[in-house]
Each structure stands twice: as structure tokens, then as C-alpha cells.
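Only heavy atoms go into these numbers, but all of them, side chains included; no hydrogens, no water, no symmetry mates.
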Amino acid sequence: MFKFFLRKLWGAVVTLFVVITVSFFMMKAAPGGPFSRERSFPPEVLKNIEAKYNLDKPVLVQYGLYLKSIVLNFDLGPSTRYADRSVNELVASGLNYSLKVGLGALVVALLIGLLSGLLAAIKHNTWIDYISMSGAMIGVSMPD
């Protein structure tokens, strides 16, 4: 059981690392930068902003600093859209609502699933069983 847990934990770590790496390099491959949509800045100001966000360093150095801030500090960095706020603060501000909606959806799904499963078990091989299993198959097959 412990080996199973360790394998799953290692798989989660590898998956998280791959997602972080792919998303970082996809953002770097996209045209423009985080400040190209805003008003145009004088070159001196743009240089200072890039230095503040480490955008003046080579990509691999930026990647190393990004990994270090995530892994060691669990810090997703400063927001480039909202001044004086970090990404962690933005995520935390929406976490309460996300948890409420997610837990509410989970409760509704469990109630419907348990009720339809119970009815299908009680009325085995009847139209109630077939309708509830068809509904379950449609629900499982439907994209999130």
C-alpha cells in the first residue's frame, strides 16, 4: 500500500513538473510579452520593469528562478496585470468561491449518483435500471 502511495505521489510530482515546464515555455514562445498590450512605455521604464520581473535574463535563467520560487517558496510571483498583488493573493481570493461551487457540485453529483444507483440495483433489468444506467453513461461520457 505504501509503495502504491509513493508511486502515485511521484506521478503527481512528475505531472506537475511537466505542466509547469510546458506552460512556462509556451508562454515564452507566444508573441509579445506581458507588457506589450499596455500603453507604450519609454525604453528606460520598460528596461526597469523587465529587470524587476527578471525578463532581461536568458530564458533558462528565468526558468530556473521560476522553478525555485515555486518549489521552495510556493510563490507564483507578482501579478503583471494587477499592481501590488501577487498571483497567490489572486488565487486565494477566488478559492473560497471555487470551493463552495466545487463542493456543492460534488454533493449534487453524489446524491444523484447514489439515488440512481440504488434505484438501478433495486429495479434490476427494468426500465428504471436502463434509464438510470443510460443517464450514468451519458454523464460519464460528457466532457467537463
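When all heavy atoms of Leu65 and Lys57 are compared, the closest pair comes out as CD1-CD, 3.9 Å. Heavy-atom minimum distance, Val59 versus Lys28: CG1-CG, 4.3 Å. The heavy-atom pair separating Ser116 from Ser132 by the smallest distance is O-OG, 3.2 Å.
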Can you list, pair by pair, the side-chain donor-acceptor contacts under 3.5 Å of residues 1-12, counting residues two or more places apart and other chains?
none

Exercise. Are Asp56 and Lys47 close enough, and set up right, to give a side-chain contact (heavy atoms from CB on, under 4.5 Å), and what steps lead you there?
Worked result: CA-CA 8 Å; Asp56 57 343; Lys47 195 174 199 178; over 6 Å; no
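A donor-acceptor pair under 3.5 Å is absent between the side-chain atoms of Asn54 and the main chain of Gln62, judged by distance alone.
Between Leu111 and the choices Val108, Leu115, Val107, the side-chain contact (heavy atoms from CB on, under 4.5 Å) rule is met once, by Val107.
With contacts defined as side-chain heavy-atom distances shorter than 4.5 Å, the pair Leu76/Ile70 qualifies.
Taking hydrophobic clusters as Ile, Leu, Val, Met, Phe, Trp and Tyr residues chained together by side-chain heavy-atom distances below 4.5 Å, Leu119 does not share a cluster with Ile112. Linking Ile, Leu, Val, Met, Phe, Trp and Tyr residues whenever their side-chain heavy atoms come within less than 4.5 Å places Val87 and Leu16 in a single cluster.
Within the structure, the ring-ring contact (aromatic ring centres under 6.0 Å, His included) test picks out no pair touching residues 107-144 (sequence neighbours left out). Contacts classified as ring-ring contact (aromatic ring centres under 6.0 Å, His included) and involving residues 60-105 (residues at least two apart or in different chains) are given here: Phe24-Tyr63, Phe24-Tyr66, Phe25-Tyr63.
Atom NZ of Lys123 sits in a sparse spot, with 12 or fewer heavy atoms from other residues, nucleotides or ligands closer than 6.0 Å. Shown here is Asn96, whose CG atom has more than 12 heavy atoms of other residues, nucleotides or ligands within 6.0 Å.
Within the model, atoms CG of Leu110 and CG of Leu103 stand 10.5 Å from one another, a figure rounded to the nearest 0.5 Å. Rounded to the nearest 0.5 angstrom, Ile122 CD1 and Asp129 CG are separated by 11.5 Å. Put simply, CD1 on Ile20 and OG1 on Thr15 are 11.0 Å apart, with the number rounded to the nearest 0.5 Å.
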